[in-house]
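See structure below.
All values reported here derive from a predicted model rather than from experimental measurement. Convention: sequence-line order gives letters A, B, ...; per-chain numbering from 1.
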There are 2 protein chains.
Amino acid sequence: MGNQEAQLYRPPGMRVLSRATVSRMPRYLRLLDDIREAQATVSSDELAEAAGVNPANVRRDLSDLGFHGTRGVGYAVGDLRSRIQRELGIDHRRKVAIVGAGNLGTALAGYSGFRQRGFDVAAIYDISSERVGRLVGDVIVTDAGRIGHDCATGLFDMAILAVPATSAQRVAEELVSAGVSSILNFAPVRVIVPNDVPVRHVDLSTELQILSYYG
Amino acid sequence: MGNQEAQLYRPPGMRVLSRATVSRMPRYLRLLDDIREAQATVSSDELAEAAGVNPANVRRDLSDLGFHGTRGVGYAVGDLRSRIQRELGIDHRRKVAIVGAGNLGTALAGYSGFRQRGFDVAAIYDISSERVGRLVGDVIVTDAGRIGHDCATGLFDMAILAVPATSAQRVAEELVSAGVSSILNFAPVRVIVPNDVPVRHVDLSTELQILSYYG
DNA sequence: TAGATTGTTAATCGATTAACAATC
DNA sequence: TAGATTGTTAATCGATTAACAATC
């Protein structure tokens with residue numbers, strides 16, 4: 001694992017979960033969502049099957065999560081579901097800012113997929129005075145100069161970069177110093193965030209390069 | 001490493017590169033792009049500094065890549081740059097299909113970021129007869145029934161899913177059986193591709209969940 | 001109790017890194 | 001040659017997994 005992958009999150013007073021462990025959580029959740037009321041308990045074998053991992057791995061993951069099952073019985077479906085949702089931060093809606101009100105930013109603002117998954121667009125920013133003041137979806141385009149202030153005061157805690165390549169790094173740094181918790185970068189350039197900054201940062205352009213590797 | 005992460009690519013007659021190794025390549029490339037003509041050689045220390053990794057890690061990565069430097073001197077900048085670009089499949093333009101000509105699909109079709117990074121939109125599909133035939137960007141919306149045929153005949157080798165949650169899994173399976181090499185999923189739902197299928201698949205909705213974890 | 005399944009130990013596997021001989 | 005830097009070995013680290021005692 002490189003530094004980036006090794007980046008860990010330490011909830012206060014809780015065990016450290018590896019990035020690999022966290023990445024399996026949504027796969028467990030998928031089965032739990034399907035089961036719902038149909039079944040009160042689920043075994044590590046069933047979860048493993050659904051997630052495509054080893055049953056021992058499931059038991060270790062849930063144990064690391066501090067969630068315990070009952071020997072001979074399994075894990076309580078509803079409780080486990082809530083526990084994982086809380087862990088992933090999807091037990092409540094998240095406020096996201098879109099930076100860049102161009103072609104892509106505007107489309108993302110109206111994209112129902114984010115909303116369906118619990119991400120609400122709280123703000124959209126641009127530097128162009130022509131765009132500032134316009135209504136995009138539910139929100140009015142704000143001058144990009146306010147990004148730092150708005151982030152620091154909690155208007156949003158997640159940001160989507162939909163800016164030109166030339167501004168991406170600068171905006172990312174501004175967001176980081178204002179304390180944003182996550183950045184999803186759609187700009188066609190790699191953006192570097194230091195490893196010691198507690199931001200989970202997914203660089204789409206890098207992903208595309210990696211993607212293309214498998215072609 | 002879960003199964004998903006452990007998925008490896010085996011170029012014919014070439015060493016196997018781990019996903020972790022591949023993920024560092026774009027970071028090396030970034031420095032090499034910056035250097036260009038300014039410097040003929042680069043050391044593992046410089047690459048390590050730029051990529052935020054250990055110098056020994058750099059040397060091992062390049063060695064695994066089959067690229068060798070000169071002791072006491074370093075690595076040839078231009079040659080290394082070409083070698084990595086070839087490895088990542090970004091030494092040539094890639095043809096991508098967008099599935100779904102709705103709000104998001106249309107925006108992505110016109111998004112210059114893809115084009116700038118070497119991804120050309122070769123086709124856009126939809127099932128709605130109202131949308132089929134319309135011009136979106138450079139291409140005319142085609143009936144989704146042709147996806148399998150067009151992929152199999154090489155019209156594109158990468159796909160972007162911009163469909164509703166309900167169709168995402170079905171479309172992904174169709175693309176996989178037609179032999180697509182990469183899928184980038186923008187649908188607001190997780191899509192499962194078996195581990196033994198040689199598709200590099202980045203599930204944006206899963207990433208979003210992981211993202212939110214760090215908030 | 002008998003069967004099932006967890007939780008944890010110890011073994012295994014793979015990736016990272018320190019160290020240094022090779023050599024430009 | 002003297003200094004620099006690679007390429008590789010061996011040590012280390014961390015994550016996965018087989019196995020099984022604990023226990024419902």
Side-chain angles (χ1 to χ4, degrees), chain A residues 1-10 15-25 27-28 31-32 35 39-77 79-80 83 195 210, chain B residues 1-10 15-25 27-28 31-32 35 39-77 79-80 83 195 210:
Chain A
M1 276 309 78
N3 297 24
Q4 212 160 55
E5 297 286 336
Q7 193 173 76
L8 300 172
Y9 171 64
R10 298 156 198 275
R15 207 178 303 215
V16 171
L17 299 183
S18 74
R19 169 86 207 263
T21 296
V22 174
S23 75
R24 286 186 290 269
M25 296 294 169
R27 299 190 242 167
Y28 302 149
L31 176 63
L32 297 171
I35 290 175
Q39 220 177 298
T41 62
V42 65
S43 70
S44 56
D45 272 15
E46 290 172 296
L47 285 164
E49 167 83 33
V53 301
N54 189 291
N57 206 332
V58 173
R59 296 199 291 277
R60 160 128 358 214
D61 283 346
L62 301 189
S63 176
D64 286 353
L65 192 62
F67 191 89
H68 294 271
T70 307
R71 287 165 203 240
V73 178
Y75 300 91
V77 171
D79 290 353
L80 179 54
R83 182 70 189 82
N195 280 321
I210 292 174
Chain B
M1 274 310 77
N3 296 24
Q4 210 160 55
E5 297 284 336
Q7 192 173 76
L8 301 172
Y9 172 63
R10 297 154 199 278
R15 207 178 304 216
V16 171
L17 298 183
S18 74
R19 171 84 208 264
T21 296
V22 175
S23 75
R24 284 186 292 268
M25 295 295 169
R27 299 190 242 168
Y28 303 149
L31 177 62
L32 297 169
I35 290 176
Q39 220 178 299
T41 62
V42 65
S43 70
S44 56
D45 272 14
E46 289 173 296
L47 285 164
E49 167 82 34
V53 303
N54 188 290
N57 206 332
V58 172
R59 296 199 292 277
R60 159 123 6 207
D61 283 346
L62 301 189
S63 176
D64 287 352
L65 191 62
F67 190 89
H68 294 272
T70 307
R71 288 164 203 240
V73 178
Y75 301 91
V77 172
D79 291 353
L80 179 53
R83 182 68 190 83
N195 280 321
I210 292 173

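- Side chain of B/R83 to main chain of B/L65: a donor-acceptor pair is present (N/O by atom type, distance under 3.5 Å, no hydrogens or angles).
- When every heavy atom of A/R27 is checked against every heavy atom of A/A51, the shortest pair comes out as NH1-O, 3.2 Å.
- Side-chain contact between B/L80 and B/L47 is present, with at least one heavy-atom pair separated by less than 4.5 Å.
- Taking OG1 of A/T41 as the reference point, atom CG of A/D79 lies at 11.5 Å (rounded to 0.5 Å).
- Between A/P55 and A/S44 the shortest heavy-atom distance is O-CB, 3.9 Å.
- Rounded to whole angstrom, the span from the CG atom of B/N57 across to the P atom of C/dA19 amounts to 16 Å.
- Residue pairs meeting the salt bridge (charged side-chain N to carboxylate O under 4.0 Å, His left out) criterion with at least one member in residues 45-60 of chain B: none, sequence neighbours excluded.
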If the sugar-phosphate is the primed atoms plus P, OP1 and OP2 and the base is the rest, what is the B/S/- string for nucleotides 4-9 of chain C, using protein heavy atoms under 4.0 Å?
BBBBSB
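- Rounded to whole angstrom, the span from the CG atom of B/D61 across to the C1' atom of C/dT16 amounts to 10 Å.
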Secondary structure of DNA chain D per the Watson-Crick/G-U criterion (both distances under 3.5 Å; [ ] crossing, | other strand, . unpaired) is ..||||||||||||||||||||||
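- By the side chain to side chain donor-acceptor pair (under 3.5 Å) test, B/Y28 is found to be paired with B/D61, residues two or more places apart in sequence or in another chain being considered.
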